[in-house]
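Scroll down for the structure; my scribbles are underneath it.
Here the structure is a predicted model, which is why all the values come from computation and not from measurement. The figures here come from the full heavy-atom set of this structure, side chains too, leaving out hydrogens, waters and symmetry mates.
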Amino acid sequence: MDDRLAVFAEFKGPCVALSAVALRSPNDAGPSLEKVLEVAQRTDPKRVDGNVGNYIFFPVKSLLPFTVREHVRATAFQLIGWLVQTGWFAAEDPEMCHQLLVLITSSINKAESEALRLALSKAALELFRRIRSLLNTLKSRPTIAMLVTELLKPGQDIELTTAGFAAVIELNRHLEPEAAASFLPGTVSSVTAQLLKPGVKTRVAVTGVDVLTSSITRSLEGELGGTDTYRNDKWVATSKEHLEKALRPILLKLGRPGREELNVAGVSLVKKLLETPLDGDVLVEYLAQHDPTAIPDAQLDRLAAVLARYLETFEAVLVGVDEDKKTQLLMTLRRSLPRVDELSRDLVQTQIIELLQSTLHILPKQSAVMVINDDKLHEPDFENISARTRDEIQDLLATCRSTTPLPTSTPESFWLAQKLGQDVVQDALGMLSRGDGIGENAIVAAASARGEDFRYELMHVLYPLLAAERPSAFVFAELARHCGYANTQAMLVDNADYITNGLTLAFHTLNITPHTPRILGLIAHMAPEIVPMLDDVVDVFFDVLDNHSHFPQLVDGIFFGLAGVVSAVKSKQVPRAFEEGMKAIEDTSRSGGDEAKGNDDGEGLEKPMDPSFKMVLRIAEKAQLFLSYGDYQILQNVMRLLADAIPVIATDENKYLPLVHLYWPQVVKRSDSDNPFLAAAAFGLMSKTVDFAGSFMRMRIEDDVLPRLEDVVRPQKDKRGNYIKRQRHWEGAGRREVAGAIEKLLKSVYENAGLRDERLDRAVRLIEDLAPRSKILSRLLEHHAAKDDIPGE
Amino acid sequence: MDNAPPTPLFILRGHAGEVQSLHWSEGCLIVEDSTGQRKRTIDILTGDVEGYVVAWSLSNLRPCAIWKAHDKSVIGLHVWRDTIVTHGRDNKLRQWRFVPGVLLSRNLPIDTKNDLPKPFLVASLDVNALNFCSMACQSWRDELLVSVPGLLGSAYIDVFSMPRAHRIATRITPPPSPAGKAPVAEGRNSVTALDIDYPHLVAGYEDGSVALFHLDLSAVDPTQQRQDGIWLCTSRWHRAHKETVLSVRFAIRADSDDRPHPDAIRGDQILSAGIDDNLMRFRFSRDAGGDDDGRFVERQDQTATKTGHFGQGSLAIRQDKCLILTAGWDGKVRIFTGNHLEQVAVLKWHRASPRR
């Protein structure tokens, strides 16, 4: 009681004020009405009893006539909506319900402002909630039908439209199926019109779908058919037909890709509809596209039929231009395949693979060789198919399992087999030469799938990958990662034996490219411990050199490879050999120009040759034969190789000095070359030879080295003032190379050749000439001057 | 049709010295890998001139175990049950077994500077390896019969049982040269090739002769070191080869083989190859000795096939007896049909003479 009085006290003041204004001037009652509404919205409707409700309604009813301004009436209907919630009138009072329904219907029918319509829609919603089942007993079904029509009218405001939809949903909840069925055509028609409107808002569409769901399910509830009822057989048949026609465009709109909220609403609608007697492929198709798991088991046969129909259009869609259609088709197939029974699945899979085989056409590359970027592997480009569609095909194939291995006769079928998860590693090796990355891609995919087990395949794949025209660092990095290696180098080192084997066999069968011999250098560089086992590989290289020496590119590659072997051996031996070499030279100098001391000590101490040493010696002996080759690049490489080999071979003077005899004449000849780079390489080799042969070279220095250096260093010009003879070396791009090489050679001659008297003076004079240009030589000169100052030196 | 020699599928690299012997283990040997977790099946055993034996797995084409079995070159290898028998030029015959817990080296190149771990040495005995003749082995009862040139002289053959290392038959040698035949030059009666298929034992000699022996070990007590095996030389093909015999092999028809392949070797035969260019075929009967009463017979009924290639150092017969392979000093392996000895292929890769 106290509570009732308290509520009454709250409303009393605003209601008295409202009464005074409403009776006198209803159009000015807006502010007073809003104060009452404000109090009402603060108050829990349950606290308000019928008397208080009547007390509030009394001034409000004066504001409801059409003569009152709409904004006042809008507020008044808001208040009525609230009053309906309070239970202000007895819900069992059909007369009151009827009057309110008529009031709302007539008001909404004539309402011009959206605010009034909104208030009325909300009031209608509250009224439907309040009177519930009484709706079915009212005589005023035509009024309700008119109200439904008004509620479903579109508004500018989303709020208004959704409020109307909400009221209709509430109405459907309480209507009997027969009654709902009578409203169904109008409801479907109105909602469809709104849903199909271009640019319909998502919220409106989702609520509209809910209206459809509630209307259709309510109308088709319970027992259908017969002759006496409204929902007789004819009605059922007609309704089904009309509904399917109406639903098709709606589902098409709801199923558009990228509209997740609408898609979900559509799935919800279709799921509910499939519980009704409605059937039809259109519903199953929608679920197949968006949520195949929601398809009831009873409809799976229909799903298989839908997929079969999809396959009929498969080829046409895939070669078409509509990318959305392609992706939707592929996505539907992928999602639905697991739902169909095994037999159907096998048939569909087989058909998909066959269709793809006939549809896919890999486009030829723009260039002969496609570079594989290091950041990603390239998938092939297909005719009429975008990368997005290709990815969808890939996903679809990942769900397919071909029971019989696909013959990989074409790049297309190879790609398909690879994406089907078949073991195509061996076939992939045959695809490497295409240079389009498909083979590499397949190998990396297989490695990714098999993880460390793929290590066993490395024996087959590493060499072909290395020998490919454009080996990709990314491919190797990926293989190393999948196979559990720390990095690419670790993988290559661990599998150096397999690579070497591939290299040997390739050379034996002459299945080589200019790039192939370089692999030997790479392997020797990365795994020098394998060098002693490469003797037969080197033999094969020699055979190829003997038989195919007229191919400069091949010869260059072979010397690159052999230089790698020499460099690997040198990197293991050079510290020891170099020190020994230096020590021997120093000893020679101290002993006053005797032959290398090692010569005496070496007598009778013939030891079995280390395999690495033997190999380097053989390479050097072979390489010196190519000092008469015509190609400058190869000549430079050969001389650099020999320079690298000298520190290794010099550990055995009995092998080294005869070798010097062999190559010296050609090197001297090459130092006269017009090509400054070649001359520089020859001077470099001379320098290295002098370093390690010591006083053995004195006569050669006097006869061959010093005269040439004098020619180069001392200017000689012709009558016109042009440099002649070897002075040309000081011109052009190679002058720095030549200067550097001469600097080293002079230093070697001065320090290691054990020159005395006049010969030494000759060398010193050359150093004096060049000292202004070279810090090293100027320091050497200072050192020489200091030595001269010491008595007895 | 391409007449070029076929290319090897893979080259097993690893030995520092020449490979002197090879044996297929047929997957009956298993060894732990370096982690001690995974087992690997050994498919091939190879022995080199420095005494190292490498056990290879063909699944990854890498060694599973490397050890130094002998101080000198390994001239013979055989796998018997879970053991490996090695015959070295250091005059030792050794039997090895892989035991759990002993992790053997498998790193290449072979570390010749340090002592590598070795498998468990089951047995070791002194034998004669002066004439490079490799042992011949066959399973017998629960033992392994090993025939090697005799300790008392290279003209004799001894038969040992392993792993007891008992000599169960000794001084096996053919009778002296028959009258009328050219006398055997002194020092040319050494055994140079052996093969055993109990109760038969065949030996090739330096003078080109081939002798067939019949062994009877029924009275042998394996627990006793009594050398009580009985042997009988049943046949000899005197100077069948013009030069030293380098390899002999039995080609005995299996009892179950009712319908042999048309290219297969017919009947029971012995095949031999030597320094000369002949491939010899000797027919014999398993059921009898040289003649009906089992006495020694001098025979000259061998069939010679000229191959045109001298120095066929090694001979092997495929299990179905359809193909015969010879390895020549020219580094080539030649393949012949079993029935007609027609050359069907030549494998060319090696620079030195291959060995079986």
Checklist line | Trace of the side-chain contact (heavy atoms from CB on, under 4.5 Å) decision for B/Asn60 with A/Arg455 | finding: CA-CA 9 Å; B/Asn60 63 352; A/Arg455 283 188 179 205; over 6 Å; no
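- Residues B/Ile11 and A/Asn501 approach most closely at N-OD1, 2.7 Å, considering heavy atoms.
- With a 4.5 Å cut-off on non-hydrogen atoms, B/Leu12 does not touch chain A at all.
- In this view, B/Arg89 satisfies the salt bridge (charged side-chain N to carboxylate O under 4.0 Å, His left out) rule with no residue, not counting sequence neighbours.
- Closest of all the heavy-atom pairs between A/Thr504 and B/Arg13 is OG1-NH2, 2.7 Å.
- Within the structure, salt bridge (Lys or Arg N to Asp or Glu O under 4.0 Å) pairs that include any residue of residues 51-70 of chain B comprise A/Asp497-B/Arg62 (at least two apart or interchain).
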